[in-house]
Amino acid sequence: GVAYATIIAEALSALLVLYTLMHSDASYRLFLRDIRLDKSLTKRIFRISLPTAIQQSVTSFSNVIVQGYINGFGSACMAGWSSSSKLDQFCRLPMQSLALANTTFAGQNMGANQLGRVREGTRKEFALSIGTTVIILVPLMMFSPIFIELFNSESEVVRYGVLFIRWLS
């Protein structure tokens, strides 16, 4: 039911935005009859985005397989995995944000034919990501039992959660 409600809400939101854009008198008014796909630009977009889409799909699919495998070890293992996954996602967020910012930076500079800036920016972003990883990873490894206990304080859950964090790290 929640999934259907989300789909309906998103569709309704999209339709309302479309209606607003089509009936606006501002410079950003949308004329559906003027929308055309540029073949060469569309090919470039797919060429660049398809590997990322495949990577994300494989990652999501593998997570489903891993979750199914872990479910066979019982509820304490499932809870430990869930807790460690939440911490992992939280800790990964800064690196993902840096990578996303670098993607935008690189795209803008590639468009301006500033390849030297792309290389320099990517090197700096990589160094910043490594530094951020170390800053996050050391306390996570040292205090992982405390962090897992924020989600569940059962000793078996904490044991599994710490095990997962340390192996993932």
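- Between F147 and F151, the ring centre distance reaches or exceeds 6.0 Å.
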Self-check item: Candidate pair S129 and E125, rule side chain to side chain donor-acceptor pair (under 3.5 Å), full reasoning
Solution: CA-CA 6 Å; S129 288; E125 185 274 332; 2.8 Å; yes
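- Every pair passing side-chain hydrogen bond (donor to acceptor under 3.5 Å, both in side chains) that includes a residue from residues 101-111 is listed here, sequence neighbours excluded: N102-T122, N109-R117.
- Between I35 and L30 the shortest heavy-atom distance is CD1-CD1, 3.7 Å.
- Between the side chain of S153 and the backbone N or O of E149 there is no donor-acceptor pair closer than 3.5 Å.
- The environment of CE in M141 is crowded: more than 12 heavy-atom neighbours from other residues, nucleotides or ligands sit within 6.0 Å.
- Between the CG atom in L98 and the OG1 atom in T133 there is a gap of 8.5 Å [rounded to 0.5 Å].
- For the atom pair S82 OG and L87 CG, the distance stands at 10.0 Å (nearest 0.5 Å).
- No chain of hydrophobic side-chain contacts below 4.5 Å, direct or via other Ile, Leu, Val, Met, Phe, Trp or Tyr residues, connects L128 to I130.
- The shortest heavy-atom contact between C91 and P94 is O-CD, 3.3 Å.
- The list of salt bridge (charged side-chain N to carboxylate O under 4.0 Å, His left out) pairs with a residue in residues 159-169, not counting sequence neighbours, reads E156-R159.
- Counting only N and O atoms by type, the side chains of N71 and Q67 include a donor and acceptor under 3.5 Å apart.
- Judged purely by atom type and a 3.5 angstrom limit, S84 uses its side chain to pair as donor or acceptor with the backbone of W81.
- With rounding to the nearest 0.5 Å, the separation of CG in N63 from CD1 in I70 is 9.5 Å.
- Both L140 and V158 are assigned to one and the same hydrophobic cluster, defined by single-linkage of ILVMFWY side chains at heavy-atom distances under 4.5 Å.
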Quiz item: So V118 and Q114, side-chain contact (heavy atoms from CB on, under 4.5 Å) or not? Walk me through it.
Solution: CA-CA 7 Å; V118 173; Q114 298 286 327; 5.7 Å; no
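- Partners of K86 by salt bridge (Lys or Arg N to Asp or Glu O under 4.0 Å), not counting sequence neighbours: none found.
- Judged by distance alone, the side chains of T59 and Q55 never bring a donor and an acceptor atom under 3.5 Å apart.
- Placement of L168 and V162 in two distinct hydrophobic clusters is found when ILVMFWY residues are connected by side-chain heavy-atom separations under 4.5 Å, directly or transitively.
- One hydrophobic cluster holds both I165 and L150 under the rule that ILVMFWY side chains link at heavy-atom gaps under 4.5 Å.
- Taking each heavy atom of F73 and Y160 in turn, the nearest pair found is O-OH, 4.5 Å.
- The structure places CZ of F164 at 13.0 Å from OG of S169, a figure rounded to the nearest 0.5 Å.
- Between M110 and L115 there is a side-chain heavy-atom pair separated by less than 4.5 Å.
- Residue pairs meeting the side-chain hydrogen bond (donor to acceptor under 3.5 Å, both in side chains) criterion with at least one member in residues 39-49, sequence neighbours excluded: D38-S40.
- Connection of M78 to V64 is not established within any shared hydrophobic cluster, with ILVMFWY side chains joined at heavy-atom distances below 4.5 Å, either directly or through further cluster members.
- Here CE of M95 is found 4.5 Å from CD1 of I136. Values are rounded to the nearest 0.5 Å.
- For residues 19-62, the ring-ring contact (aromatic ring centres under 6.0 Å, His included) pairs, not counting sequence neighbours, are Y19-H23.
- Side chains of F143 and I146 form a contact here, defined as non-hydrogen atoms less than 4.5 Å apart.
- Atoms OG1 and CG, from T20 and L16 in turn, are 6.5 Å apart once rounded to the nearest 0.5 Å.
- Residues forming a salt bridge (Lys or Arg N to Asp or Glu O under 4.0 Å) with E154 (at least two apart in sequence, or on another chain): none.
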